[in-house]
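Remarks on the structure that follows.
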Amino acid sequence: MEQEYIILLQKILVVLFSVTLFWKIIKHICGLLVIEKEPVTVLVTGAAGQIGYALLPMIARGVMLGPDQPVIIHMLDIEPAAEALNGVKMELIDAAFPLLKDVVATTDVVEACQGVNIAVMVGGFPRKEGMERKDVMSKNVSIYKAQASALEQHAAPDRKVLVVANPANTNALILKEFAPSIPEKNITCLTRLDHNRALGQISEKLNVHVSDVWNVIIWGNHSSTQYPDINHATVKTTNGEKSVRDAIANDNWLNTEFITTVQQRGATIIKARKLSSALSAASAACDHIRDWVLGTPKGTWVSMGVYSDGSYGIQPGIMYSFPVTCEKGQWSIVNGLKIDELSREKMDATAKELMDEKTLAYSCLIDD
């Protein structure tokens, strides 16, 4: 009996060893068969500037599209910045990023847009002292009209566009108008920076990690009229999940100081740095594209400036920031959220500003 038991045990051990060895062989073969992904071509305009300088290494390191996604970077800037742009190219090469398969530095918009899958439009004409709003708008209308045409004709069929340069919402609208063959759902603008700022303010106030706060919303324009809304936001505390409003328990702060802090954060940073937000804007652009391409975590949404379809009573025909979820490379507006009286007032105010900007931009087109 004992001999039979020993034989049985030996047989079991042999089977286990064989299964383990077989599994290791299979894993090794699968490892040999892993095919590297095709590179994604990412365009960054205004690439020699501050935001571009912060953004480019993030893209090359996989922050935007994931740690296993090779990239080809196209950099575009104006002729006076050509030397600086070439210097940035040298640095990207010197950094020896494993995911970076090629770098193109150019001042030619057609060359820059060739075969592009993702375009991050950072370049724009900044408002200078003494300039009227219409002067700035007119400059940007000309820039985005030309770039829209190049993207439409030379970028990849599946191209996704993120406009960062201010006025971001209206620049994106102009780009959409002059690239009619690009689906409207493939053109967006950046309000993720404002979204992240709102998360940061809440986490600081509650002394929790920023990843423990979710589902804030930025409604409207990327400007001082934007509406940072926490009415649907949740925070994870030591006592479990709570609504942000209940956790903070200070409606006065939430309805006043919190809102103005987020609205004016960009101006506050300029006052402190003597330069505009670059690092946080670059990081937010990566967040925006990553969630758009790879999807938002289940149960959460993010803020994106998208073409209004009339949701929440917002006029169609403007680029407006909504709460969205993303899946399989597509975004969808989160519908059915309750809107209180204060929110309605602020959402309509920022929509009015966007309608005024649209009118101004179209007047520039007529003058052009």
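Keep in mind that this is a model prediction, so the values were computed, not measured. Positions are given from 1, in the same order as the sequence printed here.
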Can you find a heavy atom in the side chain of [X] that is under 4.5 Å from one in the side chain of [Y]?
X    : Y    : value
K89  : M75  : yes
Y312 : I339 : yes
E152 : F178 : no
R245 : N231 : yes
M304 : H288 : yes
F258 : I230 : yes
T170 : K358 : no
Q226 : N221 : no

Around atom [atom1] of [X], are there more than 12 heavy atoms of other residues, nucleotides or ligands at under 6.0 Å?
X    : atom1 : answer
K185 : NZ    : yes
R290 : CZ    : yes
N207 : CG    : no
K328 : NZ    : no
K236 : NZ    : no
E38  : CD    : no

Closest heavy-atom contact between [X] and [Y]?
X    : Y    : result
V44  : I59  : CG2-CD1, 3.7 Å
V210 : S203 : CA-CB, 3.7 Å
Q263 : P228 : CG-CD, 4.3 Å
A351 : I314 : CB-CD1, 4.3 Å
L76  : A112 : CB-CB, 3.8 Å
V163 : A168 : CG1-O, 3.6 Å

*Please assess Q50 against S276 for the test side-chain contact (heavy atoms from CB on, under 4.5 Å), listing each intermediate value before the final yes or no.*
CA-CA 8 Å; Q50 272 206 101; S276 61; 3.9 Å; yes
Would [X] and [Y] show up in the same hydrophobic cluster when neighbours are defined by side-chain heavy atoms closer than 4.5 Å?
X    : Y    : value
V302 : I187 : no
V164 : Y144 : no
L56  : Y53  : yes
I318 : I333 : yes
F125 : L173 : yes

*asked:* Looking at W292, I'd like to know if the NZ or CZ of K160 sits under 6.0 Å from its six-membered ring centre while staying within 45 degrees of the ring's axis.
replied: yes
*Go through Q201 and T261 one step at a time and tell me if the side chain to side chain donor-acceptor pair (under 3.5 Å) criterion holds.*
CA-CA 8 Å; Q201 289 302 305; T261 298; 4.8 Å; no
Under a 3.5 Å cutoff, is there a donor and acceptor pairing between the side chains of [X] and [Y]?
X    : Y    : value
T237 : N239 : no
T234 : E241 : no
N196 : D287 : yes
S223 : E353 : yes
R265 : T260 : no
D356 : T359 : no

*May I ask you to decide if the ring planes of Y320 and F322 are parallel, tilted or perpendicular, using 30° and 60° as cut-offs?*
tilted
Interatomic distance, [X] atom [atom1] to [Y] atom [atom2] [nearest 0.5 angstrom]:
X    : Y    : atom1 : atom2 : value
E327 : T296 : CD    : OG1   : 8.0 Å
M90  : I93  : CE    : CD1   : 8.5 Å
M355 : Q315 : CE    : CD    : 5.5 Å
S308 : N169 : OG    : CG    : 11.5 Å
M319 : E184 : CE    : CD    : 7.5 Å
I259 : S224 : CD1   : OG    : 13.0 Å

*In plain terms, say whether D135 and K139 are close enough for a salt bridge, that is, a side-chain N and a carboxylate O under 4.0 Å apart.*
no
*Look at D348 together with R344 and state whether they make a salt bridge at an N to O cut-off of under 4.0 Å.*
yes
*Evaluate the criterion side-chain contact (heavy atoms from CB on, under 4.5 Å) for residue pair H222 and N166; output intermediate values, then yes/no.*
CA-CA 8 Å; H222 174 60; N166 289 321; 2.9 Å; yes
Donor-acceptor contact below 3.5 Å, side chain [X] vs main chain [Y]:
X    : Y    : result
N215 : W301 : yes
S277 : S280 : no
S321 : G220 : no
N255 : D251 : yes
T45  : V122 : yes
T300 : P297 : yes
D229 : I217 : no
D77  : L85  : no
S142 : S138 : yes
N171 : A165 : yes

*Show the numbers, then the answer: is there a side-chain contact (heavy atoms from CB on, under 4.5 Å) between M121 and V161?*
CA-CA 7 Å; M121 317 301 283; V161 183; 3.8 Å; yes
_Show, in sequence, the C-alpha distance, side-chain angles and deciding distance for Q69 and L99, and conclude whether the side-chain contact (heavy atoms from CB on, under 4.5 Å) test is met._
CA-CA 7 Å; Q69 178 59 64; L99 292 173; 5.7 Å; no
